[in-house]
Each structure stands twice: as C-alpha cells, then as structure tokens.
Amino acid sequence: MLYLSLGFLLLISSFIEIFIKDRGISKTIFIVLAIFLVLFVGLRDGSVVGTDSPAYYFFYLDKFPDVEVGYKYINAFFASQGLKYNVFLIFINALALNNLRKFIQNNSYYIILPLFIYYSDFFFYYNFSGIRQAIAMSFTALSISYIFQGKKLLPIILIVIASTFHVTSLVALTIFFLPKDKLSVSKYVRLIALISLGILAAGYVIQAVPYLNYKFLYYSSLQEQADDILNNYYVGIVKRLFVLIAVLLIRKKFFSNPKNFFLYNIYLIGFIVYAASYLISPDFGVRFGSYFIILDCILISIYIYEASRIENKLILFLFFSGIAMYKIYTYTLIPSYDYQLMSF
C-alpha cells in the first residue's frame with residue numbers, strides 16, 4: 001500500500017500542477033516529493049527490498065566489487081568510512097534524482113507529472129533495484145538537451161561518466177546521430193535500417209569483447225527469465241505504442257516545435273530497440289531501450305501541456321495516470337518489493 005499511496009500523492013500533485021498552473025506551488029511540491037522519494041528508497045532495508053538489492057548490498061560489504069569503475073570507487077569510499085549502507089543509498093539516489101530534476105526542467109513545462117511517470121516504473125526497476133543503471137540513465141538523460149543545442153563535449157562527458165556506472169549507457173551516443181527535425185517516410189525507413197545494422201554491429205562487438213560477452217550471456221541465458229516472455233513482450237509493445245500514438249491528438253501543435261521532433265525520435269528509437277532485442281533477452285531489451293524510453297515522462301507531459309482543449313488534457317491525464325497506477329500496482333505483487341525499513 002505504501003507504493004500505491006505515494007502514487008496517489010504524485011497523481012493528485014500532478015493534477016494540481018496541470019489545472020491550477022502555479023509554478024511556485026509546483027516547484028515547492030516537487031522538492032518535497034523528491035526529498036521524500038530519496039528517503040523512501042534510501043531508508044529501506046537495502047539488503048532485501050528490490051530484485052537486485054541483495055547483490056548491491058554484498059557489493060557494499062565487498063567494498064571493491066567487480067563492476068564499472070565509477071560505481072566501484074564511490075561504493076568503496078562510503079564503505080571504507082564505516083558508514084551504514086543506507087547513507088550510501090541516500091547519496092546515490094539523491095545524485096540520480098537531482099540529475100533527473102535537471103533533465104525534467106530542461107525539457108518540460110510540467111515538473112511533477114514527469115516525476116510521477118518516472119516513479120511508476122523506472123524508479124522501482126532501477127532506483128529500487130538496478131541502481132547503477134539508475135545513475136547512468138540520469139546522466140544520459142541530462143545530456144539530451146545539450147545534444148539538441150549542438151554541443152558535443154559536455155554531453156559526451158556526461159555519457160562517459162554514465163558508462164562508468166553502467167557500460168550499456170554508451171548506447172546513448174547514438175542520440176548524436178538522430179535527426180532533429182521532421183523526416184519523410186523514406187528517411188524513417190532508412191533510419192530504422194541503420195539502427196538494425198547497429199544492433200547487428202553491437203552483436204559483433206559483444207562477441208569480440210570478453211567482458212561484454214559475459215554480460216550478454218548473463219542477461220540472455222544465465223539470468224532467470226519469466227515463463228510468459230512472449231506475453232510480456234506484447235504488453236510492453238502496447239504500452240510503448242500508446243506514447244507514440246497519443247501524439248495524434250495534438251500532432252500539429254506538437255510538431256511545430258523542432259525540439260519535440262527530436263524528443264519523439266529518441267523515444268521512437270527506444271521503441272525499436274526494445275522491439276528488436278527483447279525476445280533475444282528481456283533484460284537486454286528493457287535495459288538498452290530505457291536510455292531512450294525514459295523520454296516517455298517528458299513526451300506525455302508535453303502532450304498534456306500542448307492540448308488546447310481542457311477535455312483533451314483531462315483525457316490524456318486520466319489515461320496515462322491509469323497506466324501509471326497499474327504499473328505501480330504490479331510492483332506491489334512482487335515479493336522482493338515487500339517494503340521494509342532499515343533496522344536502526
């Protein structure tokens with residue numbers, strides 16, 4: 001019930017933000033909610049709550065785990081100081097959510113609604129579990145606005161930093177090559193073909209590099225996978241399609257802004273990556289696609305903001321809020337997400 005209660009709080013706060021339109025109130029509520037989220041995830045029993053949490057807890061006990069260098073040395077610094085694991089959890093989640101805050105503010109008029117959408121899925125999948133990728137995603141997401149502005153050094157630095165927490169984040173370098181304006185159908189076909197070639201090239205690199213090959217084997221065969229993979233795949237496709245199709249309600253206004261084209265194209269690539277790789281490895285499909293799919297929180301917010309009719313705003317808000325609450329509910333059914341506070 002804690003997860004759903006916080007979801008309802010975010011839902012109500014998002015509604016207030018959309019229909020009261022007071023930026024001062026929105027910023028205050030956002031800060032309070034963000035602090036609460038950091039404490040919520042940081043004060044849990046990090047040794048058990050979350051699918052990957054036991055592994056990360058043992059990383060902390062090990063001090064120098066065999067993971068990417070960025071996470072390894074931050075983990076070692078906190079562990080060597082004799083600090084409780086929860087202090088470390090609070091720090092790394094504060095880092096990730098602060099980057100997320102900047103990402104949201106750089107790309108969306110609404111700020112609470114994107115946080116709500118992020119909370120409904122990515123927050124549980126990554127901040128509660130795969131924390132290295134939560135940090136990596138926060139840095140790659142932060143790079144998006146700078147890439148659109150035509151900057152190169154700063155976003156590359158951000159993506160390289162991300163890769164020191166999770167090597168898969170290097171896939172975000174492809175964002176540099178995505179179109180920033182409207183494309184014809186033929187150009188979209190060529191883009192999809194190029195991405196497909198990229199996936200084939202990635203397969204070759206994975207086979208050639210021992211570390212990447214080990215990771216691929218872990219995620220594609222050694223890791224336990226659900227028996228109903230095909231069903232989960234179709235559900236994932238439909239959920240992601242909703243974000244792509246919803247633009248039809250406000251397409252003229254939405255696509256009058258070049259940056260919206262860019263954001264939409266990034267999300268589209270994430271959809272293609274997910275669709276092309278999930279059946280090879282569910283975890284690979286989700287993890288690689290997430291660096292692009294994270295744009296759903298921004299796109300949904302832009303759709304609602306750009307909707308000129310109050311009826312369309314309400315329809316979009318209720319529709320995506322319903323999906324978000326359902327996703328939160330699904331996490332309450334997973335035994336490893338049974339919330340427990342740290343022991344003092």
Side-chain angles (χ1 to χ4, degrees), residues 2-3 6 10 27 29-106 111 114-115 118-119 121-143 154 157-169 172 287 290-291 294 297 331 336-337 339-344:
L2 280 173
Y3 299 142
L6 185 51
L10 283 159
K27 289 180 180 178
I29 294 175
F30 180 93
I31 292 171
V32 172
L33 288 171
I35 292 173
F36 189 83
L37 287 178
V38 170
L39 294 176
F40 186 55
V41 68
L43 294 179
R44 77 191 195 282
D45 186 342
S47 66
V48 294
V49 183
T51 306
D52 295 339
S53 291
Y56 281 98
Y57 178 69
F58 285 113
F59 285 169
Y60 198 71
L61 297 180
D62 183 37
K63 292 187 180 179
F64 288 94
D66 184 21
V67 294
E68 286 83 352
V69 64
Y71 186 87
K72 175 190 292 187
Y73 285 104
I74 289 181
N75 180 88
F77 173 78
F78 278 84
S80 299
Q81 302 304 311
L83 297 170
K84 288 182 70 69
Y85 182 49
N86 296 89
V87 175
F88 175 62
L89 288 177
I90 289 172
F91 172 80
I92 56 178
N93 279 286
L95 172 63
L97 283 176
N98 186 56
N99 286 341
L100 183 70
R101 174 189 63 82
K102 294 177 183 177
F103 160 65
I104 291 172
Q105 291 179 340
N106 287 344
I111 55 177
L115 184 64
Y118 179 86
Y119 169 79
D121 196 357
F122 287 129
F123 186 73
F124 294 108
Y125 196 85
Y126 293 119
N127 295 75
F128 260 78
S129 187
I131 187 60
R132 286 185 299 127
Q133 191 162 354
I135 302 170
M137 282 175 54
S138 74
F139 278 106
T140 59
L142 193 56
S143 74
L154 179 56
I157 290 173
L158 290 171
I159 294 172
V160 169
I161 291 173
S163 71
T164 68
F165 290 93
H166 211 285
V167 69
T168 59
S169 60
R287 287 180 184 272
S290 292
Y291 295 103
I294 192 174
C297 65
Y331 281 99
S336 61
Y337 280 87
Y339 193 85
Q340 299 177 45
L341 277 171
M342 63 175 283
S343 56
F344 292 92

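Owing to the predicted nature of the structure, the values given are computational and were not obtained by experimental measurement.
- No donor-acceptor pair under 3.5 Å is formed between the side chain of Asn75 and the backbone N or O of Tyr71.
- Counting all heavy atoms, side chain and backbone alike, Leu37 lies closest to Phe123 at O-CZ, 3.6 Å.
- Taking the six-membered ring for Trp and the full ring otherwise, Tyr3 and Tyr331 have centroids separated by 6.0 Å or more.
- When every heavy atom of Val49 is checked against every heavy atom of Arg44, the shortest pair comes out as O-NE, 2.9 Å.
- If you look at Tyr119 and Phe124, their ring centroids are closer than 6.0 Å.
- Interatomic distance, Leu6 CG to Phe36 CZ, rounded to the nearest 0.5 Å: 5.5 Å.
- Taking each heavy atom of Ser169 and Ile159 in turn, the nearest pair found is O-CG2, 3.7 Å.
- Distance check: Leu341 CG to Leu43 CG gives 7.0 Å after rounding to the nearest 0.5 Å.
- Using the six-membered ring where Trp is involved, Phe128 and Tyr337 have ring planes that are tilted, between 30° and 60° apart.
- Looking only at distances, a side-chain donor or acceptor of Gln133 sits under 3.5 Å from a matching main-chain atom of Arg287.
- With values rounded to the nearest 0.5 angstrom, Tyr57 atom OH is found 12.5 Å from Asp62 atom CG.
- Using modelled atom types, no side-chain atom of Asn86 and backbone atom of Asp45 make a donor-acceptor pair closer than 3.5 Å.
- Here the closest non-hydrogen pair linking Phe165 and Arg132 is O-CB, 3.3 Å.
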Using a 3.5 Å cut-off and no angle test, enumerate the donor-acceptor pairs between side-chain atoms of residues 87-96 and protein atoms at least two apart in sequence or in another chain.
from, atom 1, to, atom 2, distance (Å)
Asn93, OD1, Asn127, ND2, 3.0
Asn93, ND2, Leu89, O, 2.8

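- Defined by atom type and a distance below 3.5 Å, a donor-acceptor pair is present between the side-chain atoms of Ser290 and Tyr126.
- Looking only at side-chain heavy atoms (C-beta outward), Glu68 and Ser163 stay at 4.5 Å or farther from each other.
- When all heavy atoms of His166 and Ala136 are compared, the pair lying nearest together is CB-CB, 3.8 Å.
- In the model, Thr164 has no side-chain atom that pairs as donor or acceptor with a side-chain atom of Tyr73 under 3.5 Å.
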Criterion side chain to side chain contact (heavy atoms under 4.5 Å, CB included) on Tyr60 and Leu83, from CA distance to verdict: CA-CA 10 Å; Tyr60 198 71; Leu83 297 170; 3.9 Å; yes
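- In this structure, Ser138 OG and Ile161 CD1 are separated by 10.0 Å, a value rounded to the nearest 0.5 Å.
- Distance check, rounded to the nearest 0.5 Å: CG of Leu10 to CZ of Phe30 gives 10.0 Å.
- Put simply, the side chain of Leu142 reaches to within 4.5 Å of the side chain of Asn106, judged on heavy atoms.
- Rounding to the nearest 0.5 Å gives a distance of 11.0 Å between CG of Asp52 and CD1 of Ile131.
- Within the 4.5 Å cutoff, side-chain heavy atoms of Leu115 are placed close to those of Leu100.
- Of all non-hydrogen atoms in Phe122 and Ile294, the two that sit nearest each other are CE1-CA, 3.4 Å.
- Ring centroid separation for the pair Tyr56 and Tyr85 does not come in under the 6.0 Å cut-off.
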